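Treat the numbers as computed from the prediction; the structure is a model and nothing was measured.
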Amino acid sequence: MLRELKTFITVARLGTFAAAGQQVGLTQSAVSAQMRVLEQHLGVRLFDRSGRAAVLNAAGRHALPLAEQMLALYAQMALPPAADQWQGELRVGAIATLQTGLLAEALPRFRQLAPRVELKLVPGVSLQLFSQLDAGELDLALLIKPPFALPKELLEVPLAREPFVLVAPLDVDGDDPLRLLAEQPFVRYDRASFGGRQVTRFLREQRLDVREALELDELEAIVRLVENGMGVALVPRAGLWLQRPTRLRVIELGELTFHRELVALVRRAQRQPALDCLLNCLELREAPG
């Protein structure tokens, strides 16, 4: 029955028997047959089948987290209890500033504690990493706290809070951040990203109509553009630019300060010693600022 449960989880994530079949190496008819067997054993229907889609019904939504827990428990039967004995791969997704910041600081300690674990680091933006974790393609996602409620099967571990600041070219005078935002060209933190949504909300709350020069999601690139006179920008106090000499002005927002929260997300059913060890190493570190 384990193979039927694995296929069931894949169908639930991908939404069609055909897509699930491609993922697990079965034909569409074989996937359909496995789901019929599973439904017969459980005595309930799990999907509302309409056209090519396979949408979980109430019974299916109830069964999904239980199936994930059953498979996770089965996998843990073969795991040694200590991280230093655990062998295998951990797929860790992280946004750029966490890869070069907290994660880079935590990995040497983790390597000492779990030397046999192979780490695969996957770069990406927060929304992309969240989707990959939700689809089971990552074991751990390090990202900006999502601006929406998390599915109950995901566990959130707080890592750090980073204040936003205004950065401006050296030749731009003035210390009032609102006036500078209103008067200078604006290099926008991509409004589709989790961090960029916070910038958009701040501008809306302050009723600022900015003159956009460019929009992008890479913090290091935003800082370099500001250094080269493209305009001003609202960015979190994070990234490698804090560790090198810069040719810009950093202006605090004072009472208007807002923060970017960094978190680790993991599926509750996939907790295991090496993953817990890495989370502990991350929580021991502190972000700058």
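- Atom-to-atom distance recorded for Arg111:CZ and Leu119:CG is 5.5 Å, nearest 0.5 angstrom.
- No close placement of the Phe202 and Tyr189 rings is indicated, their centers lying 6.0 Å or farther apart.
- Between atom CD1 of residue Ile144 and atom CD1 of residue Ile95 there is a gap of 4.5 Å, rounded to the nearest 0.5 Å.
- No side-chain N or O of Ser193 forms a donor-acceptor pair with one of Arg197 less than 3.5 Å apart.
- Taking the charged nitrogens against the carboxylate oxygens, Arg188 and Glu212 do have a contact shorter than 4.0 Å, which makes a salt bridge.
- The closest donor-acceptor contact from the side chain of Thr100 to the backbone of Ala96 lies under 3.5 Å.
- Note that CZ of Arg191 and CZ of Arg201 are 14.5 Å apart. Values are rounded to the nearest 0.5 Å.
- With rounding to the nearest 0.5 angstrom, the CG atom of Leu56 is 12.5 Å from the CZ atom of Arg45.
- Linking ILVMFWY side-chain heavy atoms closer than 4.5 Å, directly or via other members, places Leu208 and Phe186 in a single hydrophobic cluster.
- Other residues, nucleotides and ligands contribute at most 12 non-hydrogen atoms within 6.0 Å of the CZ atom of Arg207.
- Pairs of residues two or more places apart, or lying in two chains, that qualify as side chain to side chain donor-acceptor pair (under 3.5 Å) and include a residue from residues 18-27 are Thr27-Ser29.
- A salt bridge is defined here as a Lys NZ or Arg NE, NH1 or NH2 lying under 4.0 Å from an Asp or Glu carboxylate O, and Arg244 with Glu227 meets this definition.
- Listed by chain and number, the residues in a ring pair (Phe, Tyr, Trp, His ring centres under 6.0 Å) with Phe8 are Phe47 (sequence neighbours excluded).
- Taking 4.0 Å as the cut-off between side-chain N and carboxylate O, Glu153 and Arg268 do not count as a salt-bridged pair.
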Assess whether salt bridge (charged side-chain N to carboxylate O under 4.0 Å, His left out) is satisfied between Arg13 and Asp134, documenting all intermediate values. CA-CA 8 Å; Arg13 289 175 178 165; Asp134 194 43; over 6 Å; no
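- The closest side-chain donor-acceptor pair between Ser126 and Arg260, if any, does not fall under 3.5 angstrom.
- Side-chain contact between Arg249 and Val167 is absent, with no heavy-atom pair separated by less than 4.5 Å.
- A heavy-atom distance below 4.5 Å is found between the side chains of Leu234 and Leu253.
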